[in-house]
Protein chains: 2
Amino acid sequence: MKKDRLNAEFCNCNVIHEDVVNRVSEKMPEEEKLYDLAELFKVFGDTTRIKIIYALFESEMCVCDIAALLGMTQSAISHQLRVLKSAGLVKYKREGKIVYYSLDDEHVKNIFDQGFVHINHKYMY
Amino acid sequence: MKKDRLNAEFCNCNVIHEDVVNRVSEKMPEEEKLYDLAELFKVFGDTTRIKIIYALFESEMCVCDIAALLGMTQSAISHQLRVLKSAGLVKYKREGKIVYYSLDDEHVKNIFDQGFVHINHKYMY
DNA sequence: AAAACACATGAATAATTGTTCATACGATAA
DNA sequence: TTATCGTATGAACAATTATTCATGTGTTTT
């Protein structure tokens, strides 16, 4: 009975298909890339941030306008804009007292469109 | 000084650009769609699940093999496969004692590819 | 100068969530 | 049948996180 372990890592069960595991293991992207990808999707995994991004698809907006649009406090929006900013998804420019936020990535729309394809496909059954 | 509120929702700041807010408001997708989209991305927002999906890009796999590949317990993998399954992202087939999981959505790859575009673009600066 | 406004931010709280542990289920083997 | 194996799952725990509240910063206005 085989008791192989891959990468000397702890695992409480046997490897059933060693060939498959080895082949897939070689094809896996770098750990760091996968981590970064998960971090990016984590940013998209919140309704408020999704709404902010959709709003910014249409127009650059200041914090107060976004807060009014979404019916949320200025503080909550500001906190979320910070998350979006550190993820490199939005940028801002200051004009007097007002700070205008806009999208800083032209690929986000594509990601969301593909996401909708999945959602809509799911509901056809 | 204007004190408008949109949609009769509470918001602790003034609407500065009423025209922009109204125009963007009309263009926003349905609340439910945005919620579903966030839920989908939430599933992608975990390194373990990202790894599982990448593994399944290459080959269908049983639970033990995935656990060995990722160096994690069978229980942890099984819990995550449950999440992926209820999101409509993976399907399974049973053969005796062994359960084989495989991808159930051909669009996921596109979403991830676009995600990588963002990540790689970000690191060029 | 002080007051008002737009926005940012630290701390606290509540809610969500990933993993572990123990155990149960379903199928095969002895 | 009993034992074993592959998998599923509920409960518990730790860690993360979204919002609120209070307050601070920077800019304009009076």
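Every chain is numbered from 1, with letters handed out A, B, ... down the list of sequences. Keep in mind that the numbers below use all heavy atoms, side chains included, and drop hydrogens, waters and symmetry copies.
In this structure, of dT17(D), dG6(D), dC7(C), it is dC7(C) that holds the atom nearest to the side chain of C62(A). Side chain of V63(A), nearest nucleotide from dC7(C), dA27(C), dT9(C): dC7(C). In the set dT19(C), dG6(D), dC7(C), the nucleotide with an atom closest to the side chain of R94(B) is dG6(D). Side-chain proximity of T73(A) to the nucleotides dT20(D), dG26(C), dT9(C) is greatest for dT20(D). Among the nucleotides dT28(D), dT28(C), dT7(D), the one closest to any side-chain atom of K97(A) is dT28(D). Listed nucleotides dA8(C), dA8(D), dA6(C) differ in distance to N14(B); the shortest reach to its side chain belongs to dA6(C). Relative to the side chain of C64(B), the nucleotides dA6(C), dT7(D), dG18(C) differ in distance, and dT7(D) lies closest.
One can find a donor-acceptor pair under 3.5 Å joining the base of dT9(C) and the side-chain atoms of S75(A). Between the side chain of Q74(A) and the base of dA6(C), no donor-acceptor pair under 3.5 Å is found. In the interface, the side chain of Q80(A) is not paired with the base of dA18(D) through any donor and acceptor atom under 3.5 Å apart.
By the 5.5 angstrom centroid cut-off and the 30-degree plane limit, H79(A) is classified as stacked against the base of dT9(C).
Judged by closest nucleotide on DNA chain D, Y92(B) is the one of E95(A) and Y92(B) placed further toward the 5' end. Take the nearest nucleotide of DNA chain D for T48(A) and for D65(B): the residue whose nucleotide is more 5' is D65(B).
We find that CD1 of I16(A) is positioned 18 Å from P of dT4(D), with the value rounded to whole Å. Atom CD1 in I98(B) sits roughly 14 Å away from atom P in dA27(C) (whole-Å rounding). dT16(D) atom C1' lies 12 Å from atom CZ of R49(A), rounded to whole Å. Atom pair M72(A):CE and dC21(D):C1' shows a separation of 15 Å (rounding to whole Å applied). Here the C1' atom of nucleotide dA18(D) and the CZ atom of R82(A) are 14 Å apart, to the nearest Å. When rounded to the nearest whole Å, the span between NE2 of H17(B) and C1' of dA6(C) equals 11 Å. One atom, CD1 of I52(A), and another, P of dA18(D), lie 11 Å apart when rounded to the nearest Å. Nucleotide dT16(C) holds its C1' atom 20 Å from the CZ atom of F41(B), rounded to whole Å.
Note on Y101(A): only backbone sugar-phosphate atoms sit closer than 4.0 angstrom, heavy atoms only; bases stay farther off. When heavy atoms are screened at a 4.0 angstrom cut-off, K42(A) is found touching the sugar-phosphate backbone but no base atom.
Ring centroids of H17(B) and Y100(A) are separated by less than 6.0 Å, placing the two rings close together.
For R23(B), the CZ atom counts as densely surrounded, since its 6.0 Å shell holds more than 12 non-hydrogen atoms of other residues, nucleotides or ligands. K27(A) NZ: 12 or fewer foreign heavy atoms inside a 6.0 Å radius.
Partner of K109(B) under the side chain to side chain contact (heavy atoms under 4.5 Å, CB included) criterion, chosen from D113(B), I111(B), D105(B): D113(B). Paired with Y101(A) under the rule side chain to side chain contact (heavy atoms under 4.5 Å, CB included), one option of D65(A), V63(A), I52(A), I77(A) passes, and it is V63(A).
Ring geometry, F41(B) versus F41(A): the interplanar angle falls under 30°, so the pair is classed parallel (tilted spans 30 to 60°).
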